[in-house]
A.B. asks: 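This is the structure I have questions about; it appears just below.
Each chain gets a letter, A, B and so on, in the order its sequence line appears, and its residues count up from 1. The model shown is predicted, which means the values in this text are computed figures rather than measured ones.
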There are 2 protein chains.
Amino acid sequence: MPNLTDCIEEYLKKLLALSSERFIEIQRRELARKFACVPSQINYVLERRFSMERGYLVESRRGGGGWIRIYRIEAGTAQPWREVINSLNGREFEPSRIRQLIRRMHEEKIISMREARLLEAVIKDRIYDSFGLSKKQARELQHELLSEALEELLKVSY
Amino acid sequence: MPNLTDCIEEYLKKLLALSSERFIEIQRRELARKFACVPSQINYVLERRFSMERGYLVESRRGGGGWIRIYRIEAGTAQPWREVINSLNGREFEPSRIRQLIRRMHEEKIISMREARLLEAVIKDRIYDSFGLSKKQARELQHELLSEALEELLKVSY
DNA sequence: TAATATCTGACCATCTCTGACCTTAATTAA
DNA sequence: TTAATTAAGGTCAGAGATGGTCAGATATTA
């Protein structure tokens with residue numbers, strides 16, 4: 001029994017699949033009405049299910065005749081992924097976002113299912129708990145290990 | 001008179017046997033209600049009767065519309081290696097031996113080249129240097145991470 | 001009787017959903 | 001042209017709905 005968020009996600013992905021463009025355009029109010037929910041629910045779905053990490057890009061415009069566009073990002077080769085990985089270095093390391101990134105890489109066939117699971121294993125918080133590391137240190141170590149591992153993956157193609 | 005745990009185990013295994021997918025999806029609250037017990041009883045059953053060692057994999061999601069999925073895992077050729085991995089737990093963690101083990105697993109086609117490189121990356125000493133861990137702690141952490149990673153690899157067959 | 005297994009309940013973590021209030025753009029009125 | 005109005009979309013805090021964990025009580029077994 002899927003929830004509202006799942007339903008809206010599925011609906012939008014169907015629209016995207018059917019669209020001849022590489023994006024779809026919707027109206028927040030319209031969509032909210034269709035699914036009998038508050039408009040901000042749509043923002044929630046976009047944030048959770050159509051994030052950068054999951055390979056989508058969202059644009060919008062307010063005011064009369066406003067709209068929301070959802071783009072599916074094409075991946076292609078491994079090079080863009082290297083850039084994504086490098087960009088990790090700037091921000092704080094957030095495991096949940098990283099997990100999304102890993103899933104996306106799998107969807108794009110940059111890495112296999114097994115490799116994805118392996119990478120996720122490496123950043124499991126539980127493992128780091130009993131070594132007297134601070135939260136921050138643990139995050140840094142996870143980051144280092146992940147970067148190292150991803151480097152190896154990108155060196156050797158399938 | 002079998003106990004609750006046995007009943008729930010039997011019920012879930014029947015569901016699995018009947019399912020056309022290779023997993024079943026349940027709701028913890030629902031199941032607890034059906035068996036008139038507290039929800040955490042379900043976790044107990046999953047932990048005791050649907051563990052990795054017994055050949056199952058459990059996934060879940062919280063929040064509204066949350067669920068628990070139980071996968072039946074195929075045994076395959078990996079079983080002997082699982083024993084090898086378990087046997088690591090007794091002794092001291094020696095990186096050079098581990099590297100040999102990894103290479104051997106690759107030769108035996110249990111893991112791919114990329115997976116092997118990935119595993120080796122995770123146990124690179126250099127990475128652990130700047131986190132104030134003692135030699136012993138670093139070894140333990142490497143050990144934990146490697147075990148976790150290998151577990152994941154053996155869960156999903158090629 | 002001691003060890004092990006089962007079961008419960010209190011408390012925690014995460015994901016979803018809503019509604020009040022804010023910002024921006026187009027349209028209309030002055 | 002400018003100001004007011006209307007019609008979008010955005011943000012955020014908090015409520016609701018699940019599932020997770022763990023210590024301790026109870027039952028079973030060796």
A.B. asks: So if I take every side-chain heavy atom of Arg49(A) and compare against dT16(C), dA5(C), dC7(C), which nucleotide ends up nearest?
C.D. replies: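 Output: dT16(C).
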A.B. asks: The criterion is side-chain contact (heavy atoms from CB on, under 4.5 Å); which residues satisfy it with Arg54(A), sequence neighbours excluded?
C.D. replies: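 Counting only residues at least two positions away or on another chain, Arg54(A) forms a side-chain contact (heavy atoms from CB on, under 4.5 Å) with Glu9(A), Arg49(A), Ser51(A), Tyr56(A), Gln100(A), Arg103(A).
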A.B. asks: If you compare every side-chain N and O of Thr5(B) against the phosphate oxygens of dA5(C) (OP1, OP2), does one of them come in below 4.0 Å?
C.D. replies: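 Negative; the distance criterion is not met.
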A.B. asks: Could you run down nucleotides 9-20 of chain D 5' to 3' and tag each one B, S or - for protein heavy-atom contact under 4.0 Å?
C.D. replies: BBBB----BBBB
A.B. asks: Under 4.0 Å between any heavy atoms, over every strand shown, what does Ile42(A) touch: base, sugar-phosphate, or nothing? Just pick one.
C.D. replies: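 Ile42(A): no heavy atom of the nucleic acid under 4.0 Å.
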A.B. asks: For Glu47(B) and dT6(C), give me the distance from atom CD to atom C1', rounded to whole Å.
C.D. replies: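 In whole Å, dT6(C) C1' lies 12 Å from Glu47(B) CD.
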A.B. asks: If you check the Cys37(B) side chain, which of dC7(C), dC15(C), dT8(C) turns out closest?
C.D. replies: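 Among dC7(C), dC15(C), dT8(C), the one nearest the side chain of Cys37(B) is dT8(C).
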A.B. asks: Between dT8(C) atom P and Phe35(B) atom CZ, what is the distance in whole Å?
C.D. replies: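 Whole-Å distance recorded here is 13 Å.
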A.B. asks: Does Arg114(B) come within less than 4.0 Å of Glu115(A), counting only side-chain N to carboxylate O?
C.D. replies: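 A salt bridge is present here (some side-chain N lies under 4.0 Å from a carboxylate O).
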A.B. asks: Just how far, in rounded Å, is P of dT16(C) from CD of Gln41(A)?
C.D. replies: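 Computing the Gln41(A):CD to dT16(C):P distance gives 9 Å.
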A.B. asks: Taking the six-membered ring for Trp, are Phe131(A) and Phe131(B) ring centroids under 6.0 Å apart?
C.D. replies: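 Judged by ring-centre distance (under 6.0 Å), Phe131(A) and Phe131(B) do not meet the cut-off.
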A.B. asks: Which comes earlier along DNA chain C counting from the 5' end, the contact point of Leu4(B) or that of Val38(A), where each point is its nearest nucleotide?
C.D. replies: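 Closest to the 5' end, via its nearest nucleotide, is Leu4(B).
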A.B. asks: Less than 4.5 Å apart, side chain to side chain, heavy atoms only: is that true for Glu148(A) and Glu151(A)?
C.D. replies: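 SC-SC contact between Glu148(A) and Glu151(A) ruled out.
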A.B. asks: If I take atom CD1 in residue Ile8(A) and atom P in nucleotide dC15(C), what distance separates them, rounded to the nearest angstrom?
C.D. replies: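 The answer, rounded to whole Å, is 18 Å.
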A.B. asks: Compare side-chain N and O positions of Tyr44(A) against OP1 and OP2 of dT16(C) and report whether any pair is under 4.0 Å apart.
C.D. replies: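 True: Tyr44(A) side-chain N/O within range (under 4.0 Å) of dT16(C) OP1/OP2.
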A.B. asks: Under 3.5 Å, is there a donor-acceptor pair between the Thr5(A) and Gln41(A) side chains?
C.D. replies: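 There is such a pair between these side chains.
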A.B. asks: Taking NZ, NE, NH1 and NH2 as the nitrogens, is one of them in Asp129(B) or Lys135(B) under 4.0 Å from a carboxylate oxygen of the other?
C.D. replies: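 So Asp129(B) does not pair with Lys135(B) through a salt bridge.
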A.B. asks: Figure out the CZ/C1' separation between Arg48(B) and dT6(C), and round it to whole Å.
C.D. replies: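 Taking atom C1' of dT6(C) as the reference, CZ of Arg48(B) is at 8 Å.
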A.B. asks: Return the set of residues passing side-chain contact (heavy atoms from CB on, under 4.5 Å) with Arg69(A) (not counting sequence neighbours), or none when no residue passes.
C.D. replies: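 Here the qualifying residues are Phe23(A), Glu25(A), Glu59(A), Trp67(A), Tyr71(A).
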